[in-house]
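Chain naming here is simple, since letters A, B, ... match the order of the sequence lines and numbering starts at 1 in each.
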Amino acid sequence: MSKIRDAFSNNKKAFIPFITAGDPDMDTTSELVIRMAEAGADIIEIGIPFSDPVSEGPAIQKADIRALAGGASVDAIFRMVGKVRKSCDVPLALMTYMNPVFVYGSASFINNCGKAGVNAVIVPDLPYEEKGELLPFCLGNNVDLISMIAPTSSQRIRMIAREAMGFLYCVSSMGVTGVRSEIGGTVSEMVRTAREVSNIPCSVGFGISTPEQAAVIGSFADGIIVGSAIVGIIERYGRDCVPHVADYVRMMKKAISFP
Amino acid sequence: MSKGLFGPFGGQYIPETLMNAVIELEEAYLRLKDDPEFVSALEKLLAEYAGRPSLLYYAEKMAKDLGGAKIYLKREDLNHTGSHKINNVLGQALLAKHMGKKRLIAETGAGQHGVAVATAAAYMDMECEIFMGEEDTVRQALNVYRMELLGARVNSVTSGTRTLKDAVNATLVEWTKRVVDTHYVLGSVMGPHPFPTIVRDFQSIIGKEAKKQILEKEGRLPDVVMACVGGGSNAMGLFYDFIKDKSVRLIGCEAAGQGIDTDKNAATMANGTVGIFHGMKSYFCQDRSGQIAPVYSISAGLDYPGIGPEHSWLRDTGRAEYVPVTDSEAVEAFEYLSRIEGIIPAIESAHAVAHAMKTAPEMSREEIIIINLSGRGDKDVAAIARYKGVDIHE
């Protein structure tokens, strides 16, 4: 059983926060990972910054620019994860685009994920048809390659869900990441369709920011992914962001901890 | 399974949100490309609306002046809207109409593709939105107004380097937001499958006509065909029908900006490495950690950090050659062609003219070069004047 999948055991609803590595610096990132885990984060998604993050809204784009300006490199991120792993065993997923991985070397990248203690990778511009780029290495290193489904996936949902690893990342709405006031109703149908063919845990992301939204989505999904709202707190408080982010994580975790 | 491969290049590296859209597009294209009704509708549009076939013009004065090979210009600048872009746009717009789409969106660099898309949208009664880097809206202000005149909304893109790369990012994002009724008219032989194939097919009319025309005029194939390359659509359009004719050298002229040894160029083949970006595996200008480089060229249409995947394959197999041409060489060619032939080329196309100026004198008088004159230079006049330090009121 994968460590990612363990996070959903006993019907527990997982809270999955996202932060960009190196925003505002790598020490703050490792501190954030440790404190978010203590505050109740079940899996933590760490973004590797990219010059052209086409799936991201303004909040995470700005975080990528801040992180790149601070010199965040893939190797520095692996070192940071290795350091965190000495005191913290929260399941970790690295999220990035295909180019930084390909240029690093797909095999070395996934090998180093395994060595550093990364449990999963999420690559939004690597759809089902192209997953051969990473999957063979993932299988050999016990790293889950997370699959995504979107509101436009329709008949592709079953095909993707059947082969999904770790959890299924359900993109709640069209467009890019970012805080939204309304989350479309189709996401519950997407989750239902996936469950017809697989018992893979379904986590919903894109647009979630409030405890109310989390509670509604937590009523039918297995996990909640929140990125832009947290990255916004980091932007606001800079190096002093850790306690504020921890408070937010506690609040969101409570919202999906159903009796 | 990976699709749309040219050797190891190409593929479909896009978010899941867009996968059904590209699958639907591929299915529609395969269904319609040989459909007699679709083919004749497109042929009619190309002939009666775009003004095809374009001329193959013998640039006799230029050839005599350079003192070498015979030089022919494939006059894509004479097409409706002033460039080769209309060939692909009419094809894709017709395809989109058949697919029931109501809205066209597109990226543009120099504005030539945007103008062509705005034109097709006006003609076919479709809604139109164009995404253009803020810097390009300044250096190609005339084209922004042309697009607005044609009824399109032009969005100025302020992220990243504010040029073509960022316009592509913004258009991809817009497509993920609204995909059901919208077709993304990609302007070059790049992006995810099936775009590199579709755009190449629609542009291949350039090479087919050129081959027929040169056989009529000279009774033999040319020795060299050359074209400028950014994403590579006019070059692929000219090259494609000549790929199997091994005696014909295919030369792509890329933007070396202030020089390939400076940090201000867009010479993907000279300086790039293999990467995965904008939906495709191909060559890209990037740093050692895979961050896409901020590229530069005087020509907004060539100011792009990547190149279409089929070009990468033509280069790696040795079938085509790619050479860098600097800003100053292109500007010199821009002025040279204007004076010697009375033809003002687009600054993009001037990159190919510049390379011909270097190679023609080294060739014999029996040899033949065809240059793709992919666009006309009216749009560039103000920018070239600024480059030369001439103060003109637009």
Original post:
Taking non-hydrogen atoms and a cut-off under 4.5 angstrom, which of residues 297-316 of chain B neighbour chain A?
Top reply: none
Original post:
Does B:N169 reach the main-chain N or O of A:V54 with its side chain, forming a donor-acceptor pair under 3.5 Å?
Top reply: no
**OP:** Counting only heavy atoms closer than 4.5 Å, note whether B:Q286 contacts chain A via side chain, backbone, both or neither.
**Re:** side chain
**OP:** Using the side chain to side chain donor-acceptor pair (under 3.5 Å) rule, take B:Y13 and A:E133 through it: C-alpha gap first, then chi angles, then the decisive distance, then the call.
**Re:** CA-CA 10 Å; B:Y13 299 89; A:E133 200 76 52; 2.6 Å; yes
Subject >> Test item: B:Q291 side-chain N/O and A:S51 main-chain N/O as donor-acceptor pair under 3.5 Å >> reply: yes
Original post:
Which bit of B:S2 is near chain A, if near means a heavy-atom gap under 4.5 Å: side chain, backbone, both or neither?
Top reply: both
**OP:** Please round to the nearest 0.5 Å and tell me the distance separating atom CG of A:D52 and atom OG1 of B:T161.
**Re:** 7.5 Å
Original post:
When rounded to the nearest 0.5 angstrom, what is the spacing between CD in B:E16 and CD1 in A:I157?
Top reply: 8.5 Å
Original post:
Using non-hydrogen atoms and a limit below 4.5 Å, what part of residues 270-280 of chain B faces chain A?
Top reply: B:V274, B:G275, B:I276, B:F277
Original post:
Can you tell me how far CD of A:E130 sits from CD1 of B:I14, rounded to the nearest 0.5 angstrom?
Top reply: 9.0 Å
Original post:
Is it the backbone or the side chain of A:S154 that comes under 4.5 Å from a heavy atom of chain B, or both, or neither?
Top reply: both
Original post:
In terms of heavy-atom proximity below 4.5 Å to chain A, should B:K3 be classed as side chain, backbone, both, or neither?
Top reply: backbone
Subject >> Rounded distance (nearest 0.5 Å) linking atom CG of A:L68 with atom OG of B:S289 >> reply: 8.0 Å
